[in-house]
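Here is the structure we will look at.
Residue numbers start at 1 and run along the sequence shown.
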Amino acid sequence: MNEQLSNPLIRADIATELHPYTDARLHEQTGPLVIERGNGIFVYDTTGKEYIEAMAGLWSVCVGFNEPRLVQAAAAQMSKLPYYHLFSHKSHEPAIRLGEKLIAITPEHLTRVFFTNSGSEANDTVVKMVWYYNNALGRPKKKKFLARNKGYHGITIASGSLTGLPNNHRDFDLPAIPVRHLTCPHFYRFGAAGESEAQFTARLVAEAESVILEEGCDTIAAFIGEPLMGAGGVMPPPAGYWQGIEALCRKYDILLVSDEVINGFGRLGSSFGAVHYGFKPDLMVVSKQLTSSYVPLAAVLFTEKVYAAIADNSAKIGTFGHGFTTSGHPLATAVALENLKIIEERDLMGNAARMAVVLHSELRALRNHPLVGEVRGEGLIAGIELVADQATRKPFAAPLKVGQRAYAIAQENGLIVRAIGDTIAVCPPLIINEAQIHELVARLKKALDATATLLAGEGQGQKRYA
């Protein structure tokens with residue numbers, strides 16, 4: 001019997017909880033890793049063991065795991081106004097000030113904001129807003145979305161439909177809204193033999209236009225995408241991709257939605273992914289690093305054109321019949337304001353850009369590792385794809401679960417990463433320093449070495465990297 005299963009806290013977890021993104025029956029056998037406290041980029045379990053949290057929780061903690069200013073901001077707001085809502089012409093100062101701040105720091109053509117509690121809710125809201133917008137303009141057929149395979153946009157019925165990951169659809173009866181998923185814009189994995197990156201980009205843009213024409217441009221409402229795809233495997237777009245997609249959206253009067261839930265607030269070493277890749281979305285979704293995920297909060301930013309149509313329709317109907325009990329919660333918006341102050345005062349976006357040079361230099365050294373096919377990413381986010389053959393890019397057989405094994409070995413050695421299939425994702429807090437990056441990569445290399453040795457012992461033909 002697993003010794004940790006004798007822990008009453010772990011037994012209680014197994015007896016009561018259904019965990020997200022978890023094999024429930026396997027969880028009954030293994031139990032959870034229970035994290036008790038945090039300090040900077042580190043977290044500690046109930047035995048006191050230290051881990052480098054190289055995923056910033058879920059791609060989301062930028063200021064570290066024990067920032068006292070966020071605790072103080074939360075406590076101050078709790079003592080003053082612990083809750084109020086934004087329904088029926090009500091408001092409160094933290095939401096108003098955060099709305100002003102977001103409009104000031106996002107691209108200047110985005111002039112309006114709507115608050116939700118999570119990225120999933122925000123993308124669900126985008127779907128409803130886009131439908132409402134087109135109905136307001138007398139275009140009831142213009143309701144379909146274009147998304148991408150391996151894209152991630154959340155897990156509600158609408159946002160989960162936009163997500164392009166099979167296990168997010170399987171047995172949930174998704175997609176449940178009209179959406180077409182296009183080719184994943186990952187050149188390493190989906191580029192054709194002999195195809196250049198420019199040719200790959202041209203093919204994907206041509207595919208998108210073909211689908212638009214096949215479906216009818218009068219039926220396509222919006223294109224949604226993460227500037228850099230995160231939870232599908234950390235995949236930067238090929239050069240020119242976003243310019244080509246934006247041109248199609250303008251040509252066919254399709255709204256362009258930038259899902260910045262992971263990309264935003266400096267993750268790429270730039271303010272936002274749309275800025276980083278040079279395109280202008282009609283709607284932008286932000287969350288995660290908005291509060292460093294200390295409290296739940298997300299927002300949809302959008303243009304005056306979109307606002308005008310929605311506002312006019314709300315006047316016609318008598319209401320904009322959408323919102324959440326805790327939309328723009330005073331505690332969450334107060335914490336977000338303080339979090340954004342810290343990002344600016346400590347130049348964490350600049351730190352991300354500077355530390356990105358160190359991180360990607362260190363990770364590129366792993367390209368000679370026999371397990372590593374590609375190292376990719378931007379800023380402080382990276383993916384290391386593990387392959388059976390570097391020359392042919394042949395993936396490992398799925399039953400080997402190589403990514404999961406590397407992830408488990410890394411955790412045993414005090415490094416929390418994420419396995420996305422056989423891609424190991426790294427996304428540390430924006431406060432990370434150079435010495436900590438060296439230690440992070442050293443622990444990752446150790447985990448890859450051990451994984452290679454394990455596979456070699458099973459006759460998989462892998463040699464230990466020295």
Under-4.0 Å salt bridge between Glu28 and Arg25: yes

Assess whether side-chain hydrogen bond (donor to acceptor under 3.5 Å, both in side chains) is satisfied between His181 and Asn149, documenting all intermediate values. CA-CA 5 Å; His181 289 94; Asn149 289 324; 4.9 Å; no

Residue among Ile262, Asn263, Leu297 satisfying side-chain contact (heavy atoms from CB on, under 4.5 Å) with Lys288: Ile262

Is it true that Lys446 and Glu412 make a salt bridge, defined as a side-chain N closer than 4.0 Å to a carboxylate O? no

Salt-bridged, Glu374 to Arg393, with N to O below 4.0 Å? no

Test item: Leu110 and Tyr307 side chains (from C-beta on) under 4.5 Å apart, heavy atoms: no

Is it the case that atom CG in Leu18 sees more than 12 heavy atoms from other parts of the structure closer than 6.0 Å? no

Looking at Lys305 and Asp282, does any basic side-chain N land under 4.0 Å from a carboxylate oxygen? no

Between Glu36 and Lys49, does any side-chain N to carboxylate O distance fall below 4.0 Å? no

Given Phe114 and His322, is the ring pair (Phe, Tyr, Trp, His ring centres under 6.0 Å) satisfied, shown in steps? CA-CA 10 Å; Phe114 184 91; His322 177 76; 5.5 Å; yes

Does a side-chain N-to-carboxylate-O contact under 4.0 Å join Glu207 and Arg148? no

Out of the candidates Lys141, Lys144, Lys143, only one should pair with Glu215 under the salt bridge (charged side-chain N to carboxylate O under 4.0 Å, His left out) rule; please name it. Lys144

Would a line drawn from the ring center of Phe115 to the ring center of His329 be shorter than 6.0 Å? no

Does Phe302 have Arg112 sitting over its ring (NZ/CZ under 6.0 Å from centre, angle to axis within 45°)? no

State the OH-CD1 distance between Tyr407 and Ile420, to the nearest 0.5 angstrom. 12.0 Å

One pair to check against side-chain hydrogen bond (donor to acceptor under 3.5 Å, both in side chains): Thr183 and Arg203. What are the steps and the verdict? CA-CA 10 Å; Thr183 297; Arg203 174 162 64 86; 5.0 Å; no

Does atom OH of Tyr51 have more than 12 heavy-atom neighbours, drawn from other residues, nucleotides or ligands, at distances under 6.0 Å? yes

Before accepting this row, confirm whether a basic side-chain N of the pair Arg180/Glu214 lies closer than 4.0 Å to the acidic partner's carboxylate O. yes

Checking Tyr294 against Asn339: is there a side-chain donor and acceptor pair closer than 3.5 Å? no

Looking just at side-chain N and O atoms, do Thr423 and Arg376 make a donor-acceptor pair shorter than 3.5 Å? yes

If you measure only the distance, is there a donor-acceptor pair under 3.5 Å linking the side chains of Asn123 and Ser159? no

Would you say the ring centers of Phe272 and Phe265 fall short of 6.0 Å from each other? yes

So Pro237 and Phe187, do their side chains get closer than 4.5 Å, heavy atoms only? no

State plainly whether the residues Glu209 and Lys251 are in salt-bridge range, i.e. N to O under 4.0 Å. yes

Is the shortest heavy-atom distance from the side chain of Ile155 to the side chain of Thr163 under 4.5 Å? no

Answer yes or no: is there an ion pair linking Arg405 with Asp422, defined by an N-O contact shorter than 4.0 Å? no

Quick check: do Thr326 and Thr116 have side-chain heavy atoms less than 4.5 Å from each other? no

Do Tyr152 and Leu162 come close enough that some side-chain heavy atom pair is under 4.5 Å? no

With the side chain counted from C-beta on, respond yes when Leu290 and Leu102 share a heavy-atom pair under 4.5 Å apart, and no when they do not. yes

Short side-chain donor-acceptor distance under 3.5 Å, Ser60 and Gln289: no

